[in-house]
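For reference, the structure is listed below as structure tokens.
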Amino acid sequence: MREDIKEVLYTEEQIREKIKEMGKQISEDYKGKDLILIGVLKGSVLFMSDLLKEITIPCNMDFMAVSSYGASTTSSGVVRILKDLDFEIEGKEVLIAEDIIDTGITLRYLMEYLKGRKPKSLEVACLLNKPERRKVEIDAKYLGFDVPDHFLVGYGLDYAEKYRNLPFVGILKEEIYK
Ligand code: IMP
Ligand code: MG
């Protein structure tokens with residue numbers, strides 16, 4: 001896998017530091033509140049589990065699975081829900097954990113959908129942000145790193161379901177997907 005990576009953008013240590021700060025901030029902001037973290041499968045799994053460990057207040061967790069890409073590297077703009085929540089979120093403080101915001105289409109769709117369930121609040125914690133590619137506005141309360149417009153893999157991010165288990169975030173060599 002490592003030989004398919006052009007450049008490591010964020011090491012395991014850099015990611016850990018960033019998530020530590022984020023977890024601390026979230027723990028302060030949501031102190032005394034009924035927080036539920038919702039992970040977007042499968043990309044957010046590594047981020048979510050590390051973030052959960054840095055949150056020092058009581059916190060529930062749930063998952064949703066959506067599909068917007070198939071095996072391609074650009075968003076089709078069509079979002080499908082593959083797995084819905086197990087819990088009711090009405091009146092809860094909901095925080096969506098996502099791996100990366102690219103066009104923003106997936107998160108926008110998800111946020112509109114979850115708003116319909118009447119949470120008390122709905123915010124986003126996202127590890128990576130590709131601002132250059134944005135098509136719809138997303139206001140993420142917690143953002144890790146702004147990244148350049150390259151196709152990234154590792155730390156949960158995949159190309160055709162591969163590379164998710166790399167412990168760092170790297171740029172995938174173009175010849176792999178071109
Ligand atoms: P968006 O709807 O275009 O914002 O895409 C969001 C989803 O696309 C993310 O949750 C990722 O699963 C996937 N994605 C976007 N950019 C990348 C990337 O560079 N590498 C891997 N997956 C990506
Ligand atoms: Mg994702």
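Read the numbers this way: they start at 1 and go in the same order the structure lists the ligands and their atoms. Since we're looking at a predicted model, the values are computed, not measured.
Relative to atom 10 (O) of ligand 1, the option among Asp99, Val169, Ile171, Val66 with the closest non-hydrogen atom is Asp99.
Near Thr106, with a cut-off below 4.0 Å to any heavy atom, the atoms of ligand 1 are 1 (P), 2 (O), 5 (O), 6 (C). The ligand atoms of ligand 1 that sit less than 4.0 angstrom from a heavy atom of Glu98 are 10 (O). Applying the 4.0 Å criterion to heavy atoms of Ile105 picks out, from ligand 1, the atoms 2 (O), 4 (O). Close approach of ligand 1 to Lys130 is summarised as follows: ligand atoms under 4.0 Å from at least one heavy atom of the residue are 16 (N), 17 (C), 18 (C), 19 (O).
In Lys135, neither the side chain nor the backbone holds a heavy atom less than 4.0 Å from any atom of ligand 1. Of all the heavy atoms of Asp158, the ones lying under 4.0 Å from any atom of ligand 1 belong exclusively to the backbone.
At least one heavy atom of His150 sits closer than 4.0 Å to an atom of ligand 1. Ligand 1 is approached by Ile100 to a heavy-atom distance shorter than 4.0 Å.
Scanning all heavy atoms of the two residues, the minimum distance from Leu114 to Pro119 falls at O-CD, 3.3 Å.
The number of heavy-atom neighbours closer than 6.0 Å to CD of Glu88, taken from other residues, nucleotides and ligands shown, is 12 or below.
Rounding to the nearest 0.5 Å places CZ of Phe168 at 13.5 Å from OH of Tyr155.
Looking at Gly104 next to ligand 1, an N or O pair under 3.5 Å apart turns up. Taking any N or O of Leu152, backbone or side chain, at least one lies under 3.5 Å from an N or O belonging to ligand 1.
Under the side chain to side chain donor-acceptor pair (under 3.5 Å) criterion, Tyr10 pairs with no residue, sequence neighbours left out.
At a threshold of 4.0 Å, the pair Lys173-Asp4 does not count as salt-bridged, since none of the basic side-chain nitrogens sits closer than that to a carboxylate oxygen.
Shown are Leu85, Asp86, Ile81; of these, the side chain to side chain contact (heavy atoms under 4.5 Å, CB included) with Lys83 is made only by Asp86.
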Pair up each side-chain donor or acceptor in residues 28-40 with any protein partner under 3.5 Å, not counting sequence neighbours, and list the distances.
from	atom 1	to	atom 2	distance (Å)
Asp29	OD1	Gln25	NE2	3.0
Asp29	OD2	Tyr142	OH	2.6

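Two residues are said to be in side-chain contact when any heavy atoms from C-beta on lie closer than 4.5 Å; Lys115 and Leu122 meet this criterion.
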